[in-house]
Amino acid sequence: MPTIKLTFPDGSVREFEQGATGLDVAKSISSGLAREALAVEFNGEVWDLSRNFFQNGTLKILKWTDDGGKFAYWHSSAHLMAEAIESLFPGTRFGIGPPIENGFYYDIDMGDHALSPDDLSTIEEKMYELTKRDVPYVREEKSWDDAVSYFQKKGDPYKLELLAGLKDKTISFYHQGNFTDLCYGPHIPSTGRIKAIKLLSVAGAYWRGSEKNKMLQRIYGITFPLKKELDDYLFRLEEAKRRDHRKLGKELDLFVFHDIAPGAPFWLPKGMIVFRELEKLIREELDMRGYQEISTPIMVKKDLWEQSGHWTHYQENMFLIESEETTYSLKPMNCPESTFVYKHKLRSYKDLPLRFSELGRLHRNELSGALGGMFRVRQITMDDAHIYCRPDQIFSEINQLIELVTHVYSMFGLKPMFNLATKPDKGMGDPLLWEKAEASLKQALETNNIAYKLKPKDGAFYGPKIDIQIEDAIGREWQVATIQLDFVMLPERFHLEYVAEDGSRQQPVAIHRAVFGSFERFIGIITEHFAGSFPTWLSPIQAVVLPITDAHVDYAKNVFDCLAAGGVRIELDDRNEKVNYKIRDWETKKVPYMLVVGEKEKSGGSVAVRQHKKGDIGMMPLGEFIGKIRSEIAQKIITS
RNA sequence: GCUGGCGUAGCUCAGCUGGUAGAGCAGCUGACUUGUAAUCAGCAGGUCGUCGGUUCGAGUCCGACCGCCAGCUCCA
């Protein structure tokens, strides 16, 4: 029997009989692994466990904890759901049913039948029933003609349309139980692996995402190998609802939206405190790192956008204004205007890098349907900057930016994750420069010992970039910061240059970067991250004094004055209410500290401290508390 | 922008098949003088998103528009 050699992730190489399957390999390692295995990655492709290997290659057994395993699991779940739907609603036509970041969906056409929540639970029950039969997912390769005739017979126009685009490809079908679907796979071994199922929602979705096509019903669902994992997931969904910044923003008087300005918040005094803390923080950090702050016009003539290319590529997102037969636009980005600051003088190689920061307000005409709370607004305050440097300075600049981003996020307890996006096919500019730049980015990431994901061909047309995502307190990921190199858009279109050492004129490289991204969005994110309980340094109200009776108001005022003089954002609650009432009230407002003062405190010059969410932490001398809270604020300590 | 749902007091919400609006909280006034998550009583507060239509009569039915929410799309 001929053999093949398989290389494992740890580098070990083992020999197997030709035709061995992933499951055979898993079994040969351990029965536990065979039980957990969902799919395999063979030479970089994800395959079913049952497919045979006929050649040497690298192999990884994929489990639930691997993305590939999860995707196969959810993809198989989508098929299971389709089987349940077909048995309950015969005649349903199927669109596509892929795995997504959290779960899966299937787009279906049921004619006039609109799915109700009851239908969802019926389908869910049917799915559970089907899993009990524990039937295998079987792959079958078919000729294109056979595939077409199958779906012609079945009468499924969507699958036929998909097949029309697959003429030269290998066509594979997957069967499980009574269900057959056109599918590239891979799938998990059998339906019995799916243990916990939840169908989450139904929404309309156009066939192939085009509003010209028919609208199908999209059912979203999620499944897990363990019930507990499903419960945790559902709990997190609830938790996300509880933390919704739109709700908290209103309750905590941070900001409001009004019909009069869709997509633009009204910042209330308390929200503005958070906003200003972020501004202060970023300005301090940038000052320390050699940035120079600029401010450029909000409204400029369209000529600028014609030069930058935005007029042809971004016009529908710009707000236009006519005046005296001239067309102006509110700026959707700062970059083109920053070049005017650069070009204000003839620059020498000695001047570089020039780091121009701008906390400017931008306006982008987002589609009305895309707006959503602070996460998608039309009026954006960005912590933008453009760094102009020589090609040989790319590495050190990127290095500094990685340090800046990591440092700033750590103050919020947010963990950054880095993605390196390289040259897309339409990438413009000198290929050699691309290569060098990508190497610099990589080197900077590696020098900082940063694990990153490579996103090939995902860069902008004008240069490679590092996108930074953060993970919040309940495990959600947000795209925030970005570091983009630019060889084309600013340097070339705006004819930027500097005088090099040899007297020649050279083109600088521009780096577009943002740390918070937009203040609006970032404040939305941290509001949810902290569930409204901001750390003391960010909290709009940092402490409140609660006198027990009228007799203690004078002393309470004294406490208030001392803390206010110490720079603490403090309030005095001298309402004629019981302490219980006040405590409840301020607890719901998520104020970090309450200082209860009565007879004992008055006579002892102390305060009884109650910490948000922790409760009474005891009495201490006023001076001690002032020291405590001031140092907590200065060190930006995160309590929760 | 597209599809669907929704829009009643500052907030959260009730208002059956059409008969000119109601609660709790918040606010204000008064009483109570209070020790770690809601003291009691009273008062005030809405042209029911906007405009138009049907009807003797519209918060309730119909249409258009605006906005919000979910999803799609877009994201130089």
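The figures here come from the full heavy-atom set of this structure, side chains too, leaving out hydrogens, waters and symmetry mates. Numbered from 1 within each chain, the chains take letters A, B, ... in sequence-line order.
- Atom NE2 in A/His552 sits about 10 Å away from atom C1' in B/G35, given to the nearest Å.
- A donor and an acceptor atom, one from each side chain of A/Lys331 and A/Thr296, are located under 3.5 Å apart.
- Annotation: B/G42 and B/C6 have their C1' atoms spaced 36 Å apart (nearest Å).
- B/U29 and B/A44 have their C1' atoms separated by 10 Å, given to the nearest Å.
- Counting to the nearest Å, the C1' atom of B/A76 and the CG atom of A/Leu490 are 11 Å from each other.
- A salt bridge does not link A/Asp616 to A/Arg610: none of the charged side-chain nitrogens sits closer than 4.0 Å to a carboxylate oxygen.
- B/G71 and B/C11: their C1' atoms are spaced 28 Å apart (whole Å).
- If you check every strand for non-hydrogen atoms under 4.0 Å, A/Glu601 touches a base.
- Side-chain nitrogen and oxygen atoms of A/Lys250 include at least one within less than 4.0 Å of the OP1 or OP2 phosphate oxygen of B/U12.
- For the residue pair A/Asn419/A/Tyr452, the side-chain donor-acceptor check at 3.5 Å is not satisfied.
- No engagement by A/Arg208 is indicated, since no non-hydrogen atom pair under 4.0 Å with the nucleic acid exists.
- Sorted by residue number, the members of residues 361-369 of chain A with any non-hydrogen atom under 4.0 Å from RNA chain B read A/Leu367, A/Ser368, A/Gly369.
- Phosphate proximity of B/G4 to A/Arg218: absent, as no side-chain N or O sits under 4.0 Å from OP1 or OP2.
- Across the protein-nucleic acid pair, A/Leu371 atom CG and B/G67 atom P stand 9 Å apart, rounded to whole Å.
- In this model, no side-chain donor or acceptor of A/Asn580 finds a partner on the base of B/U36 within 3.5 Å.
- Salt bridge A/Glu238/A/Arg242: absent, no basic N to carboxylate O contact under 4.0 Å.
- Scanning both residues, A/Met428 and A/Trp434, for their nearest heavy atoms gives O-NE1, 2.7 Å.
- When atom types are taken as modelled, the side chain of A/Glu306 and the backbone of A/Trp311 share no donor-acceptor pair closer than 3.5 angstrom.
- Positionally, the nearest nucleotide of RNA chain B for A/Gly598 lies more toward the 5' end than for the other of A/Glu577 and A/Gly598.
- Spacing of C1' atoms, B/U8 relative to B/A21, comes out at 8 Å, to the nearest Å.
- Among the atoms of the strands shown, none is found under 4.0 Å from any heavy atom of A/Ile260.
- Distance check on atom P: B/C16 versus B/C61 gives 9 Å, rounded to whole Å.
- Across all strands shown, A/Gly373 has heavy atoms under 4.0 Å from sugar-phosphate atoms exclusively, and none from any base.
- In this structure, A/Leu546 places its CG atom 15 Å from C1' of B/U33, rounding to the nearest Å.
- You'll find that the side chain of A/Asp550 is closest to B/U33, out of B/C68, B/U33, B/A37.
- One finds a side-chain N or O of A/Tyr581 lying less than 4.0 angstrom from the OP1 or OP2 phosphate oxygen of B/A26.
- Closest heavy-atom contact between A/Met382 and A/Phe519: C-CE1, 4.2 Å.
- A/Tyr388 and A/Ser338 form a side-chain donor-acceptor contact under 3.5 Å, judged by distance and modelled atom types alone.
- In this structure, CD1 on A/Ile123 lies 4.5 Å from CD1 on A/Ile219, to the nearest 0.5 angstrom.
- Rounded to whole Å, the P atom of B/A64 lies 16 Å from the corresponding atom of B/U60.
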(message) As a check on the pairing definition, encode RNA chain B in dot-bracket form, counting Watson-Crick and G-U wobble pairs whose two distances are under 3.5 Å, and using | for partners outside this strand.
(response) (((((((..((((.....[..)))).(((((.......))))).....(((((..]....))))))))))))....
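- Neither OP1 nor OP2 of B/C75 sits under 4.0 Å from any side-chain N or O of A/Arg376.
- Of the charged side-chain nitrogens involved, none lies within less than 4.0 Å of a carboxylate oxygen, so that A/Lys582 and A/Glu577 do not count as a salt-bridged pair.
- Taking atom P in both B/A9 and B/C13, the straight-line distance is 11 Å, to the nearest Å.
- The CZ-P distance, from A/Phe257 to B/C68, rounds to 9 Å in whole Å.
- In this structure, CZ of A/Arg584 is placed 23 Å from P of B/U34, rounded to the nearest angstrom.
- Contact annotation for A/Asn317: no contact, since no heavy-atom pair falls under 4.0 Å across all strands.
- At whole-Å resolution of the value, NZ in A/Lys331 and C1' in B/A76 are 16 Å apart.
- Across the P atoms, B/G57 and B/U20 are found 14 Å apart, a figure rounded to whole Å.
- Salt bridge status for A/Lys301 with A/Asp303: absent, with no side-chain N to carboxylate O gap under 4.0 Å.
- Within 4.0 Å (heavy atoms only), A/Lys600 reaches at least one base atom of the nucleic acid.
- Within the 4.0 angstrom heavy-atom criterion, base atoms lie near A/Val596.
- A salt bridge does not link A/Lys557 to A/Asp561: none of the charged side-chain nitrogens sits closer than 4.0 Å to a carboxylate oxygen.
- At the heavy-atom level, A/Phe461 lies under 4.0 Å from base atoms of the strands shown.
- Nucleic acid contact class of A/Ala608 (heavy atoms, under 4.0 Å, all strands): base.
- Ionic pairing of A/Lys590 and A/Glu251 is not present here: no N-O contact between side-chain nitrogen and carboxylate oxygen is shorter than 4.0 angstrom.
- For A/Pro262, taking side-chain heavy atoms from C-beta onward, the closest of the listed nucleotides B/G67, B/G71, B/U12 is B/G67.
- When distances run from any side-chain atom of A/Val579 to the nucleotides B/U34, B/A76, B/C72, the shortest one goes to B/U34.
- The side chain of A/Asp259 lies closest to B/G67 when the candidates are B/A76, B/G67, B/A38.
- Between A/Glu316 and A/Glu587, the residue anchored closer to the 5' end of RNA chain B is A/Glu587, taking for each the nucleotide with the nearest heavy atom.
- With rounding to whole Å, A/Met215 atom CE is found 10 Å from B/U73 atom P.
- If you check every strand for non-hydrogen atoms under 4.0 Å, A/Glu599 touches a base.
- Closest to the side chain of A/Arg493, out of B/U36, B/G67, B/A76, is B/A76.
- Among B/C32, B/G35, B/A76, the nucleotide with an atom closest to any side-chain atom of A/Ile548 is B/G35.
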